[in-house]
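Throughout, numbering of the chain's residues begins at 1 and tracks the sequence.
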Amino acid sequence: MAVDRISQLVVKVKGISAIVVVSLLLNYLAGNSLHRCTDQFWSNSALVCQRLWVAVLAYFHQDESLVSIVGSTIYTMGIFWSLNLFLTVLDLTGRPAAILRYKIQPDKNCPLTHTDLWRAVKVAVFNQTIVGVPFLCGLHIMMKRRGCSWSPEELPTATQALLEMAVFVFVEEISFYYAHRMLHHPRLYKHIHKKHHEWTAPIGIVSIYAHPVEHIFANLLPPALGPILMGSHMATAWLWWGVAILSTTIDHGGYRLPWFLSPDFHDYHHLKFNTNYGVIGLLDRLHGTDALFRKHISGETEADLKENNMADTGSKMKIG
């Protein structure tokens, strides 16, 4: 009996050992294969990016200033108007109708009037050209002095670009939050920021519907500071500016589309004004300026919040 048990145990150990060895072998092969595929993907992507950047430089005759000023204007406007064309058609026509159910404020700008659209377009184009081009001229000088590169041979690795963009996110959050909150000071709001808040239910184009001073200090400067701070390659700056434009357009788009990040945070700012000043909400949470929004999404109304505040005040007075 003991011999039989020992024999059975040996068979089980051999079977388990075989399974472990095969599993390790398959894992090793799969790991190497995945590693090779990942390396090949990044290598091919880097090659494509390099070729595209070489083409951009060639188009502008290797002139770095033209790339920074003319190229950046064409690139950013192209991204901005491509997405806003879709959103504008949706706002004007209500088609495709299936998307209308995602509208955050369905009782406003549905449909959007041609008068309101033209008003927004004129301001947006003015800011992109008359305000934006001189800003890019100054930005080019600052990036040159900072030592930023335009060379295709100095393109960053994917890891480096992602790390820099992570820094850009926090730099934009800090600079935009405090610039935006400053614009809500009564002395500045009346003369500058009130223009942007003419739209309590914003549309995508309204992301740059602003007074020229606000456009410079709240729309252009925050996403530009990161690349200057990091001394980034112009290609990385372009990638980041594209992401920033898409993000702010979606934030003002007015639709809670399932395949995009939710714009509720900033849409609520346009609805209530004195809440949600930042981009990602980090500093709002730190300073407590998202309290009304958090109450809203948790099911409490503004009246409930005021009633709670009054109750708290009354309790303190009684205690005193």
Q: Drop me the distance from L52's CG to L47's CG, to the nearest 0.5 angstrom.
A: 9.5 Å
What pairs of donor and acceptor atoms, side-chain ones from residues 122-129 against any protein atom, are under 3.5 angstrom apart with sequence neighbours left out?
residue	atom	partner	partner atom	Å
N127	ND2	I208	O	2.8
N127	ND2	A210	O	3.1
Q128	OE1	W81	NE1	2.9
T129	OG1	V125	O	2.7

Q. Are I174 and Y277 connected in the hydrophobic side-chain network, where two residues link if heavy atoms are under 4.5 Å apart?
A. yes
For residues 56-63, run the donor-acceptor check on the side chains, cut-off 3.5 Å, and write out each pair with its distance to 0.1 Å, sequence neighbours left out.
residue	atom	partner	partner atom	Å
D63	OD1	S65	N	3.0
D63	OD1	S65	OG	2.5
D63	OD1	L66	N	3.3

Q. What heavy-atom pair brings H140 and S68 nearest, and what distance separates the two atoms?
A. ND1-OG, 2.8 Å
**Q.** Same apolar cluster (I L V M F W Y, side chains within < 4.5 Å links), I280/L246
**A.** yes
Q: Report the distance from atom CG of L87 to atom CG of L92, rounding to the nearest 0.5 Å.
A: 11.0 Å
Q. Counting N and O atoms only, with roles assigned by atom type, does the side chain of T200 sit under 3.5 Å from a partner on the main chain of L271, one being a donor and the other an acceptor?
A. no
Q: Kindly compute the distance separating OG1 (T289) from CG (L283), expressed to the nearest 0.5 Å.
A: 8.0 Å
Q.
Does K195 have more than 12 heavy atoms from other residues, nucleotides or ligands lying within 6.0 Å of its NZ?
A. yes
Q | salt bridge (Lys or Arg N to Asp or Glu O under 4.0 Å) pairs, two or more places apart, involving residues 171-184 | A | none
Q: Would you kindly confirm whether Y189 and V206 end up in one hydrophobic cluster when ILVMFWY residues are joined by side chain heavy atoms under 4.5 Å apart?
A: no
Q.
Do L257 and I250 have side chains that approach each other closer than 4.5 Å (heavy atoms only, starting at C-beta)?
A. no
Extract all donor-acceptor atom pairs below 3.5 Å that involve side chains of residues 219-233 and protein atoms in other chains or at least two apart in sequence.
residue	atom	partner	partner atom	Å
N219	ND2	H215	ND1	3.1
S232	OG	E164	OE1	2.7
H233	ND1	A235	N	3.0
H233	NE2	S151	O	2.7

Q: Apply the test ring pair (Phe, Tyr, Trp, His ring centres under 6.0 Å) to residues F273 and H197: give CA-CA distance (whole Å), side-chain angles for both, the deciding distance (0.1 Å), then the verdict.
A: CA-CA 8 Å; F273 292 9; H197 275 283; 4.6 Å; yes
Q.
Please check: side-chain N/O of T76 versus main-chain N/O of T73, any donor-acceptor pairing under 3.5 Å?
A. yes
Q | ILVMFWY network linking V171 to L286, side-chain heavy atoms under 4.5 angstrom | A | no
Q | V89: hydrophobic cluster co-members (side-chain, 4.5 Å) | A | L85
Q | Nearest-0.5 Å distance that lies between atom CD1 in I205 and atom CG in D91 | A | 8.5 Å
Q: Taking the side chain as every heavy atom from C-beta outward, state whether L282 and Y177 have any atom pair closer than 4.5 Å.
A: no
Q) Is there a chain of hydrophobic side chains (I, L, V, M, F, W, Y, each step under 4.5 Å between heavy atoms) that links V243 to V167? A) yes
Q: Of all the heavy-atom pairs spanning W238 and W53, show the shortest one and how long it is.
A: CE3-CZ3, 3.8 Å
Q) Taking the side chain as C-beta and beyond, is there a heavy-atom pair between P111 and T93 under 4.5 Å? A) no
Q. How far does CD1 of I192 sit from CD of E214, to the nearest 0.5 angstrom?
A. 8.0 Å
Q) Going by heavy atoms in the side chains, are H211 and F217 under 4.5 Å from each other? A) no
Q) Under a 4.5 Å cut-off applied to non-hydrogen side-chain atoms, are F293 and D284 in contact? A) no
Q. Considering all heavy atoms of both residues, which atom of A120 and which atom of W199 are nearest to each other, and what is their separation?
A. CB-CZ2, 3.9 Å
Q: Would you check if M234 and E64 make a side-chain contact, meaning some heavy-atom pair closer than 4.5 Å?
A: no
**Q.** Y268 vs L292 side-chain heavy atoms within contact, under 4.5 Å
**A.** yes
Q.
For T236 versus P156, what's the shortest heavy-atom pair and its separation?
A. OG1-CG, 3.1 Å
Q: Taking the six-membered ring for Trp and the single ring otherwise, decide whether the centroids of H180 and H196 are under 6.0 Å apart.
A: no
Q) salt bridge (Lys or Arg N to Asp or Glu O under 4.0 Å): which pairs involve residues 244-266, sequence neighbours left out? A) R256-D264
**Q.** Validation row: F80, T248 side chains within 4.5 angstrom (heavy atoms)
**A.** no
(Q) Can you confirm whether or not the ring centre of H270 sits under 6.0 Å from the ring centre of H252? (A) yes
Q: State, to 0.1 Å, how close S72 and W241 come at their nearest heavy-atom pair, and which atoms those are.
A: OG-CZ3, 3.8 Å
Q) What distance separates I203 CD1 from T249 OG1, expressed to the nearest 0.5 Å? A) 11.0 Å
Q) What are the two closest non-hydrogen atoms of G242 and Y75, and how far apart are they? A) CA-OH, 3.7 Å
Q) Can you name the one residue among H287, H185, H184 that meets ring pair (Phe, Tyr, Trp, His ring centres under 6.0 Å) with Y178? A) H287
Q. Is a side-chain N or O of N276 found less than 3.5 angstrom from the main chain of H269, in a donor-acceptor match?
A. no
